[in-house]
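Report on the following structure.
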Amino acid sequence: MAVDWEQRVDLAGLRNDRLARAREALQQTDLGALLLFDPNNIRYVTSTHIGEWARDKNARFALLPRTGPPLLWDFGSAARHHQMYAPWLPPENFRGGVTAMRGAMPMETGVPGRMAEVILHELRERDLAGEPLGIDMTDMVSLQALQAAGLETTDGSQAMLAARTIKTDDEIALLDHAAAIVDAVYEQIYRTLRPGITERQVVAEAHKLLFELGSEQVEAINAVSGDRCIPHPHVFSDRLLRPGDQAFFDIIHSFMGYRTCYYRTFCVGGANQAQVDAYKQCREWLDDAISLVRPGATTAEIASVWPTAEELGFESEEACFGLQFGHGLGVGLYESPMISRLHSLDRPVEIQEGMVFALETYCPAKDGVSAARIEEEIVVTPDGGRVLTRFPAQELLVTGRQYVRGADLVAAGDGALAADVL
């Protein structure tokens with residue numbers, strides 16, 4: 001956190017840099033302004049945040065014109081709070097406003113029409129009413145109201161994604177700290193993962209520690225174990241962990257708006273050879289991808305080292321999308337670049353210094369039950385990729401057993417392996 005006795009994250013610089021990048025991206029288009037409903041984009045441009053309850057409601061909106069500061073219409077008294085505590089924008093640019101709220105305020109309430117007229121008025125004041133209005137996301141009621149007001153609406157999401165692609169030093173510092181929080185959570189999981197604990201209990205304890213360490217949102221924690229590993233369900237359950245289970249977790253949370261996507265795999269009590277082999281292969285696929293990360297490389301090069309859908313037992317790349325995967329990280333979980341065999345081989349994107357993205361791989365075990373899942377977050381430096389995620393993952397970790405002195409690996413019966421010092 002910020003202190004007076006060390007230079008850490010420059011929050012004022014962060015605000016200024018993000019707004020400058022958004023405006024530069026807007027000026028590279030033919031759009032007159034951007035209308036933003038996505039909380040990630042609103043935070044990026046206005047540096048305001050009113051809680052995660054607002055994420056799925058489309059309850060606030062911001063207008064970024066080609067020139068001048070952005071305007072924000074917020075939920076009720078939140079606008080008054082910004083006027084008092086957010087001096088980086090003019091107080092008059094924070095206003096109360098009401099949206100269609102994903103259709104909960106339909107056209108007959110008059111609310112969507114008033115919202116459209118307010119936006120039209122601001123565009124007219126800036127001689128932008130005749131220019132295309134880029135929108136990042138919205139509901140159909142709001143879109144119809146904007147069009148009924150005579151506004152030409154089009155996609156604005158690409159401009160914002162372009163602005164967010166290259167991270168500043170301060171953004172990288174926040175992403176690094178977000179990952180550090182998850183490092184600590186995996187240490188807790190490693191120490192507490194035992195036979196008799198449920199996936200749900202692991203998730204509950206992880207939530208608690210995340211919030212204690214400064215997380216402001218836990219978007220999801222996937223906890224997958226035992227016979228739930230194949231196929232990958234992307235959700236936790238109330239399953240009771242048993243000796244010999246393989247279990248993997250994905251922790252997705254936000255620190256000061258910056259996210260993680262961070263898988264780790266463990267075995268409980270011991271690991272059979274199929275589990276060890278699957279983990280080794282999963283790690284090899286991931287390391288092969290990481291080794292290719294450097295400025296000037298392409299997403300096609302990274303995707304090319306991953307197995308095909310057919311090699312994984314799927315009929316198409318769509319059917320196994322996300323199992324061998326890369327995606328940008330920032331104020332959003334999915335930013336540019338996106339990397340997969342589905343699209344990257346034919347439509348490659350150049351890797352640039354300052355990008356931050358996650359690379360994740362999955363390998364089912366030959367026992368037909370277990371699977372390994374590993375993910376690392378990478379920042380692109382002039383010399384290649386630097387890994388932000390630090391909890392050990394080069395070898396499969398075994399939890400919940402008595403340590404055996406005198407050997408790194410000892411037989412645990414029936415072809416299993418047990419770890420001494422992990």
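Hydrogens, waters and symmetry mates are skipped; everything else that's a heavy atom, side chains included, is used.
Interatomic distance, L71 CG to R95 CZ, rounded to the nearest 0.5 Å: 4.5 Å. In this structure, the separation between CD1 on I119 and CG on L133 is 7.0 Å, given to the nearest 0.5 Å.
With Y258 as the fixed residue, the side chain to side chain donor-acceptor pair (under 3.5 Å) test singles out one of H177, E171, H253: E171.
Put simply, the side chain of R341 gets close to the backbone of W306: a donor and an acceptor are under 3.5 Å apart. No donor-acceptor distance shorter than 3.5 angstrom exists from the side chain of D245 to the backbone of S225, with no hydrogens or angles considered. Between the side chain of Q246 and the backbone N or O of A371 there is at least one donor-acceptor pair closer than 3.5 Å. Without hydrogens or angle criteria, R373 side chain to L323 main chain gives a donor-acceptor distance under 3.5 Å.
Around CD of Q27, the count of heavy atoms belonging to other residues, nucleotides or ligands within 6.0 Å exceeds 12. No more than 12 heavy atoms of other residues, nucleotides or ligands lie within 6.0 Å of CZ in R80, so this atom counts as exposed by the packing criterion. Around the CZ atom of R102, the shell of radius 6.0 Å holds no more than 12 heavy atoms that belong to other residues, nucleotides or ligands.
For Y186 and Y262, the ring centers are positioned less than 6.0 Å apart.
In summary, the side chains of T381 and R386 do not present any donor paired with an acceptor at a separation below 3.5 Å, with no hydrogens or angles considered. Under 3.5 Å, the side chains of T389 and E377 contain no donor-acceptor pair of N or O atoms. Side-chain atoms of S157 and D155 include a donor-acceptor pair closer than 3.5 Å. Side-chain contact check for H327 and E360: at least one donor-acceptor pair (N or O, by modelled atom type) lies under 3.5 Å. Donor-acceptor pairing under 3.5 Å is recorded for the side chains of T48 and R60.
Residue L64 comes nearest to L26 through the heavy atom pair O-CD2, 3.5 Å, listed as atom of the first residue, atom of the second, then distance. The two atoms that bring H234 and N222 nearest to each other are O-OD1, 3.0 Å, heavy atoms only. Looking at every heavy atom in both residues, A271 comes nearest to V398 through CB-CG2, 4.1 Å.
Using the six-membered ring where Trp is involved, H207 and F211 have ring planes that are tilted, between 30° and 60° apart. Ring geometry for F248 against Y362 counts as perpendicular: the plane angle is over 60°, on a 0 to 90° scale with 30° as the lower cut.
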Show, in sequence, the C-alpha distance, side-chain angles and deciding distance for Y334 and F325, and conclude whether the ring-ring contact (aromatic ring centres under 6.0 Å, His included) test is met. CA-CA 11 Å; Y334 288 162; F325 187 40; 5.6 Å; yes
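For K208, the salt bridge (charged side-chain N to carboxylate O under 4.0 Å, His left out) partners are E212, not counting sequence neighbours. Looking at residues two or more places apart in sequence or on another chain, you find a salt bridge (charged side-chain N to carboxylate O under 4.0 Å, His left out) between E219 and R259.
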